[in-house]
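These numbers come from the heavy atoms of this one structure, side chains and all, not from hydrogens, waters or symmetry mates. The structure displayed is predicted, hence computed values, not measured ones.
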Amino acid sequence: MQTTNKYMYYTSAIPEKKCKEIIAYGLSKMTRDESHGISKNASTFDGKEKGGVSLKGKKTSKNIRVAGANKITLKKQGIDVSKAYVRDSHVSWMNDKWMYDLFHPYIHHANKQAGWHWEWNFSESFQFTVYHGHKTKGQFYGWHADGQSDWLGAYKPAINVGTEKKKDWRKVELDGKGDFKVDGKGNYVPTKDKVPVKANGMLAPGYTDNHNMWGKVRKISMTVNLTDPKNYAGGNLKFDFGHHHHKRFHVCQEIRPRGSVIIFPSYAHHCVTPVTRGTRYSLVLWSLGKPWK
């Protein structure tokens, strides 16, 4: 899809005090999650994070990293892309109302001002992300898009017909109109088909038990830089607009100032380059709607 405006940004929109508040909250949430056995290591849909495991049980290397390089560059360097990891960062998740109240207006404004006017009606939980710096092995997120845009890429339903301790995930029946079927009590009707799960018990990529996400795709992505640029090096948000764009790659220096917000189409390919010094804190949000038609 081609758009006149590739992204919208708001420089230093969020006050420093609020940025520090979000960082403190995100870090405390990360600590609390770990105490309950929830890993802080960021993952990918296909298990391509550092030390990750795919749905088929294939392990991703802990030593071969993609960093900010593309597949062509990696091939020239003799690196086996299939074994390399594309993500190395720490995350926690937040869904407080005050955060949506603070950031949703920027998404609405950008969607209108950019000329997109895309229909969306739900946002996922906020992802608070930490990238620790290192001269040669700094954390990063390689080239990716935040999700597919077609009907095949829409979130699929999963409901637990088992117990909390012994979950039994099933798919959901469709009614004659193609909507998710509910019974007389308003409960979704499960099928006999099981939903695939990963080795760690997590739902397979693309499945969710959040009914607000069923049948929808990520349309609009938002990133907020929470960190003073003096406190880290590297860690740039970088876009790839494609071979035929007059300037294929673009580093978003516009959001280096603390509190800056950038909003862009979720299908846009982008990466976060390795942080080489200090620590980069950011906040990410995805807003969803029915696939385009």
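- Evaluation of the ring-ring contact (aromatic ring centres under 6.0 Å, His included) test over residues 11-36, restricted to residues two or more places apart or in two chains, returns none.
- Side-chain contact, S123 with H104: a donor N or O sits under 3.5 Å from an acceptor N or O.
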TODO: Walk me through it: do H144 and H270 pass the test side-chain hydrogen bond (donor to acceptor under 3.5 Å, both in side chains)?
DONE: CA-CA 6 Å; H144 67 285; H270 57 287; 3.2 Å; yes
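- In this structure, D96 contributes its side chain and W98 its backbone to no donor-acceptor pair below 3.5 Å.
- Under the 4.0 Å criterion applied to side-chain N and carboxylate O atoms, E119 and K219 are not assigned as salt-bridge partners.
- Look at D193 and R170 and you find no salt bridge, because none of the NZ, NE, NH1 or NH2 atoms lies under 4.0 Å from a carboxylate O.
- Within a 6.0 Å radius of NZ in K6, more than 12 heavy atoms belonging to other residues, nucleotides or ligands are found.
- Side-chain N or O atoms of T273 include one that pairs as donor or acceptor with a backbone N or O of N236 at under 3.5 Å.
- No salt bridge links K177 with D175; every basic N to acidic carboxylate O contact stays at or beyond 4.0 Å.
- At a cut-off of 3.5 Å, with distance as the only test, no side-chain donor of S92 or D33 sits close to an acceptor on the other residue.
- With K29 contributing its side chain and M94 its backbone, the two residues share no donor-acceptor pair below 3.5 Å.
- Using a 30° and 60° split on the angle between ring planes, F103 and F126 fall in the tilted class, from 30° to 60°.
- We find that K20 and E16 are joined by a salt bridge, their nearest charged nitrogen and carboxylate oxygen being less than 4.0 Å apart.
- Cation-pi geometry between K112 and W118 is not met: the NZ or CZ atom fails to fall both under 6.0 Å from the ring centre and inside 45° of the normal.
- Taking OG1 of T44 as the start and CD of E49 as the end, the distance is 4.5 Å to the nearest 0.5 Å.
- Atom NE2 of H244 has 12 or fewer heavy atoms from other residues, nucleotides or ligands within 6.0 Å.
- A side-chain donor-acceptor contact under 3.5 Å links N225 to the backbone of R256.
- Side-chain contact annotation: Y267 with R218, donor-acceptor N/O pair under 3.5 Å absent.
- Environment of OH in Y10: crowded, with over 12 heavy atoms of neighbouring residues, nucleotides or ligands closer than 6.0 Å.
- Ring geometry, F241 versus H250: the interplanar angle falls under 30°, so the pair is classed parallel (tilted spans 30 to 60°).
- Of the possible polar contacts, one joining the W116 side chain to the N5 backbone as a donor-acceptor pair under 3.5 Å is found.
- Between atom CG of residue L102 and atom NZ of residue K18 there is a gap of 6.5 Å, rounded to the nearest 0.5 Å.
- Proximity of a side-chain donor or acceptor of D209 to a complementary backbone N or O of A158 within less than 3.5 Å is not detected.
- No donor-acceptor contact under 3.5 angstrom links the side chains of T11 and S260, judged on distance only.
- F264 and M1 fall into different hydrophobic clusters, where Ile, Leu, Val, Met, Phe, Trp and Tyr residues are linked whenever their side-chain heavy atoms come under 4.5 Å apart, directly or through other members.
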